[in-house]
Every structure is written in structure tokens, then in C-alpha cells.
Engineer: 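What follows is a single structure, and I will ask about it in a moment.
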Amino acid sequence: MGRFIEGCDRRELLFLPPCVDDYVAEDSAVRIVDVFVDELDLATLGFADAAATGRPGYHPATLLKLYIYGYLNQVQSSRRLEREAGRNVELMWLTGKLAPDFKTIADFRREHGPAIQAACRRFVLLCRQLGLIAGGTVAVDGSRFRAVNARDRNFTPVTIRRRMEQVDASIQRYLGMLDTADRQEGEAATLRTTRLTDRLGELRRQMRELEAMEQAVATSPDRQISLTDPDARAMASAGTGTGLVGYNLQAAVDTNSHIVVAHEVLNLGHDRTSLANMSLQARAATGATALTVLADRGYFSGPEVFACEAAGITAICPKPLTSGAKADGRWGKQDFVYQPETDTYRCPAGETMTRRFSSLEHGMTLYGYATPACRYRCAVKANCTAGIERRIKRWEHEEVIEAMQARLDRMPGAMRVRRRTVEHVFGTIKDWMGRSHLKTRTLNNVATEMSLHVLAYNIKRAIALVGVPGLIEAMRR
């Protein structure tokens with residue numbers, strides 16, 4: 001059939017390389033895994049030492065190398081790692097042809113969670129020593145990852161009420177069908193009546209289970225219960241009907257090298273309470289004395305921004321525009337000008353609004369400003385308020401928010417930098433996962449799984465920046 005490249009005969013005798021090391025390329029990432037783990041002080045990180053009695057177990061270094069190599073090559077399942085250890089030449093080289101069973105591999109990840117997470121932080125320190133982490137600016141964001149828990153196995157007051165309504169509607173429909181079947185005669189009608197009766201019994205059983213679950217949810221701390229993974233929580237997203245049951249991965253990424261300097265797994269469906277925490281972790285990881293943190297409007301929270309300011313961290317986070325008056329076509333708070341020298345506001349009509357009262361809302365002290373002109377002589381009141389007078393509330397530390405907004409105005413491209421820095425990380429990790437759910441359950445185990453993903457991502461970024469030989473040389477110093 002013409003000229004094609006032909007393979008060798010399977011029964012042909014070949015002169016193989018004298019050692020397994022010849023099968024592994026000098027610039028292969030597996031050599032970095034080998035050197036990195038060998039240079040770690042495993043006992044200090046928290047990995048268990050060998051037992052004094054009983055059958056010897058696998059060295060923690062062997063299993064850690066196996067996992068890091070697996071996550072570098074999109075092989076995260078313990079069963080798939082078991083298969084790869086017996087057929088993958090690079091893994092044979094890495095583990096000395098050892099092939100642990102899947103139960104041993106899975107147990108290692110579950111039992112050494114804190115130590116694996118410490119190894120991930122150790123690689124960030126190595127990147128810092130190499131000068132790959134500038135430490136001046138980081139981008140922070142969060143992304144939802146689907147847990148091993150179907151949406152039908154997650155219960156909240158809203159979902160229980162919706163399911164009870166659906167079951168009740170089905171019961172009413174089957175009762176109507178049963179009445180129709182009772183008016184008919186013959187064997188077919190009898191069978192239909194029996195089938196409908198059985199189905200009604202099943203629906204009533206479901207209703208009783210939902211009523212019991214409703215009571216259990218009402219007594220749970222956060223009014224939510226997940227049956228498969230007890231730590232997983234329902235999380236909404238911007239798209240209608242696109243919510244999921246899972247976890248929230250928080251990540252702080254260096255804007256120059258795109259290395260993840262800090263990360264944390266939460267089971268909260270929002271980011272509002274994470275800005276200060278992630279900023280402090282990022283500063284500790286980078287060692288920077290002056291740090292700028294870029295975050296989207298989902299992180300905005302007055303107390304969080306104030307906490308960053310108090311810690312000497314410069315936060316840049318847009319403030320959400322949630323004014324009800326603006327939505328109704330009237331003037332919003334941003335149309336009122338604060339005058340710090342007199343502690344007053346100037347309204348769009350030119351009137352001066354003075355401080356009238358103070359209140360405590362969600363632990364924040366708010367001051368209220370108003371003017372009597374609203375009641376007597378304002379010709380444009382219809383553009384301002386539908387009530388008796390317009391009131392403006394100001395947080396006692398509002399100047400911190402105003403200073404942050406001024407910084408954002410001077411950096412019009414800040415949010416584009418944030419987006420292209422941190423969102424790429426989440427997209428890459430989700431692609432490595434096959435756009436599937438997490439492999440582990442409970443918050444602690446998921447945190448370990450995500451640390452392995454982050455470690456693999458950072459290793460690939462470091463390879464792209466300095467190459468395999470340069471990274472190996474740096475680790476051996």
C-alpha cells in the first residue's frame with residue numbers, strides 16, 4: 001500500500017538500554033518531582049515515620065512522589081495511580097518499580113493531609129528563594145468546585161419546600177388518575193389501580209421523609225444538610241439554575257509569575273469574609289513588606305477592607321452599586337458629595353446635610369445625614385426620595401473605602417490584571433480535573449486534594465519560567 005513508516009516486529013530481539021534511567025529524558029518533569037521530595041525534611045513536615053514492629057510499609061517519599069506525578073499528569077484517582085505504577089516507565093523510574101495498591105495510595109492522602117499541604121507551601125518558599133515571586137502585587141479570587149454530592153442529596157429550607165410542593169402535586173395527580181381507574185372495569189383497570197396505589201404509597205413515604213428532613217435542617221447550625229459529603233454546601237452562581245453543591249477554593253496569585261502563593265478551601269458560598277485572611281496569607285508567603293491585593297467586587301466588605309488597611313496591605317476592590325434609589329431612577333449615594341472639613345454632605349440640589357443620628361448595623365457604626373430642606377423647600381425632591389426626607393448613611397471608617405476607590409480610579413486596568421492573573425488558574429485546574437467533581441469528601445480531605453492541584457500547577461509554572469535543569473539546580477543548593 002505504498003511507502004509508510006513501519007514498526008518493529010514484536011518478536012524481534014532488541015538491545016534495550018542498560019538501565020531504566022535511560023528511558024527518562026533529562027528535561028522530564030518527573031526528575032523535578034524526584035529531587036523536590038528527596039530534598040524535603042519529611043519528618044518536620046509531619047509525615048509518619050516507619051513503625052517499629054509489623055510488616056514494613058511504603059516510604060512516605062515514594063507515595064508523595066506518586067501523588068505529585070499523578071496530579072502533574074491529570075491522574076488523580078488512587079485506582080488509576082495503581083494502574084500507572086505498574087505500566088508507566090517514568091513512574092517505575094520514580095518509585096523504583098514499586099506499585100502500591102489503591103487502598104494504600106488513598107489512605108496516604110487521607111492520613112497525611114496537613115503534611116501534604118505543608119509540602120505545597122514549601123514549594124512556594126522555594127519559588128520565593130528563586131526570585132520567581134516578586135511579592136508586590138497579588139490577585140485574589142474564589143471559584144466553586146463540585147463535590148461528591150448530587151444536588152438531590154443536599155437539603156435547604158428552600159429546596160425542601162420546593163420538593164414538597166412537587167411531591168404534593170404528584171399525589172394530587174395520582175389521586176385523580178386513581179378516581180378515573182376506579183370507575184373502569186376489567187383486569188386492566190385492576191392492574192392500573194394496583195400500580196397507582198403503589199405509586200401513591202411511595203410518594204407519601206417521600207413526603208414523610210421530607211417532613212423529617214425539614215425538622216433536621218431547621219435544627220442544623222447553617223440550616224443545610226448534605227447526605228453524601230456532610231461538609232459540602234449549596235453555592236449559587238450568576239447563571240440561573242447553574243448552582244452547585246461543593247466547595248469554594250480561594251487563591252492568591254502573584255501577578256508577575258502567576259504562581260499561586262496562598263490558597264484555602266472553604267465551604268462558604270461567598271467571598272465577602274475572605275479578603276483580609278487571603279491578603280495576610282499572601283503577605284506571609286511572599287515575605288513582602290508592602291503588598292497590593294486585587295480582588296473583584298464579590299470581596300467587597302467594609303470591615304475586610306479596613307482590616308487590610310490596619311495590617312498595612314493595600315486593597316483594591318470595586319464597591320458594588322446596589323443603590324435601590326438608583327435602580328428606581330433617582331439619585332444614588334454617589335451623587336451626594338461628602339465634605340470632610342465640616343462632616344456634612346452636599347446634596348445634588350446644593351443643600352447641606354448634617355449628621356443627625358448614629359446606628360449599629362451588622363457590627364458597624366453608621367452615621368445618618370439629613371437636611372430639613374427636604375420637607376419644606378426642595379423643588380427636585382421627586383428625583384431624590386419618595387419619603388419625607390432623604391437620609392444618607394456613612395460608616396465611621398468610610399474614608400478607607402473612599403481612599404480605595406481613589407486608588408482604583410488611578411488604576412483603570414487593575415481588574416483586567418486581576419482577571420487574567422487568577423482566573424486562568426481555576427480554568428487550568430478544572431481542565432485537569434476533566435471538568436468533573438472532586439475525588440475526596442469532607443473539608444479536610446478536599447483541602448489536601450486542592451493542595452496537590454496547586455502544587456502541580458506551581459511546578460508547571462516554575463518549569464515554564466526557569467526550565468527543568470535550572471529548577472533542579474536550585475533545589476539542590
Side-chain angles (χ1 to χ4, degrees), residues 29 32-33 36-37 39-42 44-48 60-78 81 105-128 133 138 140-148 229 231-232 246-254 257-268 274 277-278 280-282 284-286 422 425-433 436-463:
I32 288 180
V33 177
F36 172 65
V37 176
E39 293 296 322
L40 292 175
D41 187 344
L42 298 180
T44 302
L45 294 178
F47 289 95
T62 300
L63 295 169
L64 182 59
K65 291 176 182 179
L66 181 63
Y67 261 119
I68 297 176
Y69 179 87
Y71 277 76
L72 272 171
N73 294 275
Q74 292 86 66
V75 182
Q76 298 107 27
S77 163
S78 58
L81 284 172
I105 297 172
D107 288 346
F108 175 80
R109 179 171 55 186
R110 185 181 64 253
E111 295 170 359
H112 295 85
I116 292 174
Q117 295 172 42
C120 179
R121 293 191 294 271
R122 181 64 185 83
F123 189 81
V124 174
L125 180 60
L126 172 66
C127 293
R128 173 179 158 188
I133 299 176
V138 298
V140 174
D141 202 359
S143 185
R144 281 64 168 164
F145 286 76
R146 189 151 50 95
V148 190
D229 184 349
D231 291 340
Y247 293 89
N248 183 358
L249 172 63
Q250 298 286 315
V253 184
D254 184 79
S257 62
H258 290 204
I259 289 176
V260 182
V261 298
H263 71 280
E264 186 175 1
V265 178
L266 309 174
N267 57 359
L268 298 175
S274 301
N277 177 38
M278 292 306 302
L280 291 171
Q281 289 190 42
T286 60
V422 69
V425 175
F426 298 128
T428 300
I429 291 177
K430 288 180 179 180
D431 278 342
W432 290 352
M433 295 174 62
S436 183
H437 55 72
L438 296 159
K439 298 293 186 290
T440 56
R441 306 177 187 180
T442 71
L443 183 60
N444 292 333
N445 292 334
V446 169
T448 303
E449 181 178 355
M450 296 314 303
S451 290
L452 286 167
H453 277 297
V454 170
L455 176 56
Y457 178 88
N458 284 343
I459 289 175
K460 287 195 174 184
R461 282 300 305 158
I463 291 174

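Being a predicted model, the structure only gives us computed values, none of them experimental.
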Engineer: Does Tyr71 form a side chain to side chain contact (heavy atoms under 4.5 Å, CB included) with Leu455? I'd like the steps, not just the answer.
Structural biologist: CA-CA 9 Å; Tyr71 277 76; Leu455 176 56; over 6 Å; no
Engineer: Tell me yes or no: between the side chains of Lys430 and Ser143, is some donor less than 3.5 Å from an acceptor?
Structural biologist: yes
Engineer: Answer yes or no: is there a side-chain heavy-atom contact under 4.5 Å between Asn445 and Arg109?
Structural biologist: no
Engineer: Check whether any side-chain N or O of Asn458 sits under 3.5 Å from a backbone N or O of Val260 as a donor-acceptor pair, and report yes or no.
Structural biologist: yes
Engineer: Would you call the rings of Phe47 and Phe108 parallel, tilted or perpendicular, taking 30° and 60° as the class edges?
Structural biologist: parallel
Engineer: Please confirm whether the backbone N or O of Ser257 pairs with a side-chain atom of Arg461, one donor and one acceptor, at under 3.5 Å?
Structural biologist: yes
Engineer: Show the nearest heavy-atom pair for residues Val124 and Ala285, with the distance to one decimal.
Structural biologist: CG1-CB, 4.3 Å
Engineer: May I ask you to decide if Val33's main-chain N or O and Lys65's side chain share a donor-acceptor pair within less than 3.5 Å?
Structural biologist: no
Engineer: Taking the side chain as everything from C-beta on, heavy atoms only, tell me whether Leu72 gets closer than 4.5 Å to Lys460.
Structural biologist: yes
Engineer: Is a side-chain donor or acceptor of Gln76 paired with a backbone partner of His453 at a separation under 3.5 angstrom?
Structural biologist: no
Engineer: Which heavy atom in Cys120 sits nearest to a heavy atom in Ser451, and how many Å separate them?
Structural biologist: SG-O, 3.6 Å
Engineer: With side chains defined as the heavy atoms from C-beta onward, is the minimum distance between Gln117 and Thr448 less than 4.5 Å?
Structural biologist: yes
Engineer: Does the side chain to side chain contact (heavy atoms under 4.5 Å, CB included) test come out yes or no for Glu264 and Ser274, once each step is laid out?
Structural biologist: CA-CA 10 Å; Glu264 186 175 1; Ser274 301; over 6 Å; no
Engineer: Taking the side chain as everything from C-beta on, heavy atoms only, tell me whether Val446 gets closer than 4.5 Å to Asn267.
Structural biologist: no
Engineer: Is the backbone of Leu266 close enough, under 3.5 Å, to the side chain of Asn248 for a donor and an acceptor to pair up by distance?
Structural biologist: no
Engineer: As an exercise, state the distance from CG of Leu452 to CD1 of Ile116, rounded to the nearest 0.5 Å.
Structural biologist: 5.0 Å
Engineer: Taking all non-hydrogen atoms of both residues into account, name the closest pair between Leu438 and Ala147 and its distance.
Structural biologist: CD1-CA, 4.3 Å
Engineer: So, taking the atom named CZ in Phe145 and the one named CZ in Phe426, what distance separates them when rounded to the nearest 0.5 Å?
Structural biologist: 6.5 Å
Engineer: Taking all non-hydrogen atoms of both residues into account, name the closest pair between Leu443 and Val265 and its distance.
Structural biologist: CD1-O, 3.6 Å
Engineer: Measure the shortest side-chain to side-chain distance between Met450 and Tyr247 over non-hydrogen atoms and say whether it is less than 4.5 angstrom.
Structural biologist: no
Engineer: Output yes when a side-chain donor or acceptor of Tyr67 lies under 3.5 Å from a complementary backbone atom of Ile105, and no otherwise.
Structural biologist: yes
Engineer: Would you say Asp254's side chain and Ile133's backbone share a donor-acceptor pair under 3.5 angstrom?
Structural biologist: no
Engineer: Under 4.5 Å between any side-chain heavy atoms of Ile259 and Val253, yes or no?
Structural biologist: no
Engineer: Any non-hydrogen side-chain atom of Arg122 less than 4.5 Å from a side-chain atom of Leu126?
Structural biologist: yes
Engineer: Side chains of Leu81 and Tyr69: closer than 4.5 Å at any heavy-atom pair?
Structural biologist: no
Engineer: Got a second to check how far Ile32's CD1 is from Ile463's CD1, nearest 0.5 Å?
Structural biologist: 3.5 Å
Engineer: Using modelled atom types and a 3.5 Å cut-off, is there a donor and acceptor pairing between side-chain atoms of Gln281 and backbone atoms of Ala262?
Structural biologist: no
Engineer: So His263 and Leu249, side chain to side chain contact (heavy atoms under 4.5 Å, CB included) or not? Walk me through it.
Structural biologist: CA-CA 7 Å; His263 71 280; Leu249 172 63; 4.2 Å; yes
Engineer: Strictly distance-based, threshold 3.5 Å: is any side-chain N or O of Glu449 a donor or acceptor partner for the main-chain N or O of Lys439?
Structural biologist: yes
Engineer: At what distance, to the nearest 0.5 angstrom, does CG of Leu63 lie from OG of Ser78?
Structural biologist: 11.5 Å
